[in-house]
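Convention: sequence-line order gives letters A, B, ...; per-chain numbering from 1.
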Protein chains: 2
Amino acid sequence: MIGKLNHVAIAVPDLKAAADIYRNTLGAKVSAEEQQPEHGVTTVFIELPNTKIELLGALGENSPIDKFLERNPGGGIHHLCYEVDDITTAKDKLVADGIRVLGDGEPKIGAHGKPVLFLHPKDFSGTLVELEQA
Amino acid sequence: MIGKLNHVAIAVPDLKAAADIYRNTLGAKVSAEEQQPEHGVTTVFIELPNTKIELLGALGENSPIDKFLERNPGGGIHHLCYEVDDITTAKDKLVADGIRVLGDGEPKIGAHGKPVLFLHPKDFSGTLVELEQA
């Protein structure tokens, strides 16, 4: 079912400092900051030859990463995003297998403009999993 | 400097259960378990089209993931591994930039038989970073 690893998301307390380390010390290709007010985050992408790292900074009040940053004030890996061909087929299979889909259980349009689902970390050995229709 | 994301490592309390979820529910290609007594872990690889997920189970006494699993009893993402062309050049650049290399600061032969370094998570927004000479 799952295809490529679309990205690894890392929540960070200081987006500029994190981007600078990837750009200057690790010598990676780093995008400009992009504010996503409807998702409550500002994103920076580290473009690797085979996948992406998404740095997430909190934006506005009640950002979805606020609680994570309270528990991990220095930042940390927030989720993994795997690609799927069809998000509805994926959802049906997951629900049949007893996996908990977060929110109301229906796909939403994610930060990249594509349908996504988030799956409960307790069902994946402590890893928050995002599925994105590629 | 950094190239491909070689793998994402996830430390898990129950390697068989974690492998089964990836194999059966997520439909991924999953390797057999491989014991690595010299590294204190048993590994299972999830082979994705563009990278790998490395599931790590503790092996023997004093496994290097014991403390992580004490803090995260359900498991969690343990580190990211980026490829570099030359581990010594990478190390020199990192040290010059004030990055803390773990252990004695010298490359070691990692679980894949290649020279690796681990970098302090506090220097990378809470992410333990492994560099592997590709």
Counting heavy-atom pairs under 4.5 angstrom with chain A, the leader among Pro49(B), Gly98(B), Ala28(B), Ala90(B) is Pro49(B)
Relative to chain A, which of Leu131(B), Val12(B), Val8(B), Thr127(B) shows the most heavy atom pairs under 4.5 Å?
Thr127(B)
Using a 4.5 angstrom heavy-atom cutoff, name the option from [options] with the most pairs to chain B.
options                                   : answer
Leu128(A), Leu119(A), Asp123(A), Leu80(A) : Leu80(A)
Thr51(A), Leu26(A), Asp14(A), Ile10(A)    : Leu26(A)
Asn72(A), Leu5(A), Ile99(A), Val129(A)    : Leu5(A)
Gly3(A), Ala18(A), Ala96(A)               : Gly3(A)
Pro13(A), Ala17(A), Gly126(A)             : Gly126(A)

As a quick check of understanding, evaluate side chain to side chain contact (heavy atoms under 4.5 Å, CB included) for Lys16(A) and Asp20(A), giving each step before the final call.
CA-CA 6 Å; Lys16(A) 183 178 180 309; Asp20(A) 280 350; 2.9 Å; yes
Can you tell me how far CG of Leu59(A) sits from CD of Glu34(A), rounded to the nearest 0.5 angstrom?
11.0 Å
One should read off an interatomic distance between Lys122(B) NZ and Arg100(B) CZ, to the nearest 0.5 angstrom, of 7.0 Å
Any side-chain heavy-atom pair from Tyr82(A) and Ile46(B) closer than 4.5 angstrom?
no
His79(A) vs Leu56(A) side-chain heavy atoms within contact, under 4.5 Å:
yes
Under 4.5 Å to a heavy atom of chain A? For Ala11(B) that would be backbone
Side chain, backbone, both or neither: which part of Leu55(B) has an atom under 4.5 Å from a heavy atom of chain A?
neither
So what's closer than 4.5 Å to chain B heavy atoms on [X]: side chain, backbone, both or neither?
X        : value
Lys4(A)  : both
Asp97(A) : side chain
Ile21(A) : side chain

Partner of His112(B) under side-chain hydrogen bond (donor to acceptor under 3.5 Å, both in side chains), chosen from Glu54(B), Gln36(B), Lys52(B):
Glu54(B)
Same apolar cluster: Phe118(A) and Val84(A), side chain cutoff 4.5 Å:
no
When you look at CD of Glu38(A), are more than 12 heavy atoms from neighbouring residues, nucleotides or ligands closer to it than 6.0 Å?
yes
